[in-house]
2 protein chains.
Amino acid sequence: MDGRSGRGARTRDALRRSAFRLFLAEGYEKVTVARIAAGAGVSHMTFFRHFPTKEDVVLRDEYDPMLEELVRSRPADHPPVERVRHAVTTALPAVYREERDALYLRARLILRTPALRARMGESAASSSLAFERGLTPPGEDPAPAVRVIAAACTAALTTAITLWVEDEGRAELPDLVEDAFDALVNAAGGPS
Amino acid sequence: MDGRSGRGARTRDALRRSAFRLFLAEGYEKVTVARIAAGAGVSHMTFFRHFPTKEDVVLRDEYDPMLEELVRSRPADHPPVERVRHAVTTALPAVYREERDALYLRARLILRTPALRARMGESAASSSLAFERGLTPPGEDPAPAVRVIAAACTAALTTAITLWVEDEGRAELPDLVEDAFDALVNAAGGPS
DNA sequence: CTCACAGTGTTAGTAACTCACACCATACAC
DNA sequence: GTGTATGGTGTGAGTTACTAACACTGTGAG
């Protein structure tokens, strides 16, 4: 049981905290898994029992199920992009108010570390899957068009986060996300 | 000079061929870099001089500059998605006729190998950059909206390839790409 | 108390990658 | 020819992410 309560979850959190503390202080590459584990008072094997790879400490997040539910909860006759957009703009501000700094530092760490940036596509794919599922009635397979749209929405979201980090966090992420979805919706007809 | 002629390019190609032969026969994970190198008659160090990682033998491609040029060559007052779409639907059929099988086997290998799938986002990012550049006048920085659109087009393209492989290559990739761009363009207003 | 079991530690691997440095082949000067 | 750059390659030793096998411990149920 690798669940979310009990001793397991506590060392898991300790490992994550130890990892971020070290990564932010010294950079991802300079920190070995052994030191992360030592910082959490466990051995390197325990690290790998909780996170399949070093990259996963940073990349894994838990937002997907929430996003899927939020998308599903919008009326099915609304345009799919709007369903996704509404889900995101509903969920984001709450998270954003609570953990803006942590969110920014994490995004910056990912985008500035080649090894992490390289594996970002995987997180994106998993968000995309959540959108696909939210847009599809339970039991059915997502239609090809739905998969394209889900992937495009994910691309918009990822681009917004990238712009946020390039801007060094001065702009407000929810605004950038709004702009990104606007750009996506206007893509077909609008001028360059 | 790691260019495209001379002894360097020859061993580079030999390494790529050796790698694909072994990967397709035994699977990506079972094959070590040392064996790839041996198959090309060189040492493992030579492998890493030509490809920074094992994954790069499969993931690196050379289409980006061509795509950028094709996008740029379309009139700048056309909608950006159409410029990208035209570039892709122009370039793809030629490549497709010549190397359909190689293309399919490569795509399948990537999508079915976790380590390669995980790093697909990196290739996607590089195609996206090519689109951004093609959509932006030289010397200028790509506008945020352009970056969203480029990323969305890349997502459409990637989704089409994924569907092609899931379909086991029965459908024609150019058709799937057309459908994916249709879905993208109709995303804003169309029904679910 | 005992038993079950999840969580952890130890040890010993494999394989991807890096570094330092020496070697060789082609090419061009003289 | 002989020298001499230079790009490509080999050797060998090292670091680190990750895996496998197996033994240990603490906690909770009966």
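First the proteins, then the strands, lettered A, B, ... as listed; each starts at 1.
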Which whole-number value in Å describes the distance from Leu15(B) CG to dA16(C) C1'? 15 Å
Is there a donor-acceptor pair closer than 3.5 Å between any side-chain N or O of Lys54(B) and the backbone N or O of Phe48(B)? no
At less than 3.5 Å, do the side-chain atoms of Arg49(B) and the base atoms of dG7(D) form a donor-acceptor pair? no
Report the distance from atom CG of Asp13(A) to atom P of dG7(C), rounded to the nearest whole Å. 14 Å
Nearest to the side chain of Ser43(B), which nucleotide is it out of dC19(C), dA16(C), dG10(D)? dG10(D)
Distance criterion of 3.5 Å, no angle test: do you see the side chain of Arg12(A) paired donor-to-acceptor with the base of dG7(C)? no
Atom CD of Glu29(A) to atom P of dA17(D): distance rounded to whole Å? 10 Å
Rounding to an integer number of Å, can you tell me how far Phe47(B) CZ sits from dC17(C) P? 8 Å
Provide, to the nearest angstrom, the distance between the CZ atom belonging to Phe48(B) and the P atom belonging to dT16(D). 17 Å
For Lys30(A) and dT18(C), what is the distance between atoms NZ and P respectively, to the nearest whole Å? 14 Å
Nucleotide of dT18(C), dC18(D), dG9(C) approaching Thr53(A) most closely (side-chain heavy atoms): dC18(D)
So what does Thr32(B) touch, heavy atoms closer than 4.0 Å: a base, only the sugar-phosphate, or nothing? sugar-phosphate
Less than 6.0 angstrom from the centroid, inside 45 degrees of the normal: does Arg12(A) satisfy that with respect to the ring of Phe51(A)? yes
Take the protein atom NE2 of His44(A) and the nucleotide atom P of dG13(C), then report the distance between them rounded to whole Å. 14 Å
Could you check how far NZ of Lys54(B) sits from C1' of dT14(C), rounded to whole Å? 12 Å
Tell me if a side-chain donor or acceptor on Arg119(B) pairs with a main-chain N or O of Arg119(A) at a distance below 3.5 Å. no
Enter the distance from Ile161(A):CD1 to Arg108(A):CZ here, rounded to the nearest 0.5 Å. 15.5 Å
Check every atom of dT19(D), dG10(D), dT8(C) against the side chain of Thr46(B) and return the nucleotide holding the closest atom. dG10(D)
Do the side chain of Arg106(B) and the main chain of Val58(B) share a donor and acceptor less than 3.5 angstrom apart? yes
The side chain of His50(B) is closest to which nucleotide in this list: dT9(D), dC17(C), dT8(C)? dT9(D)
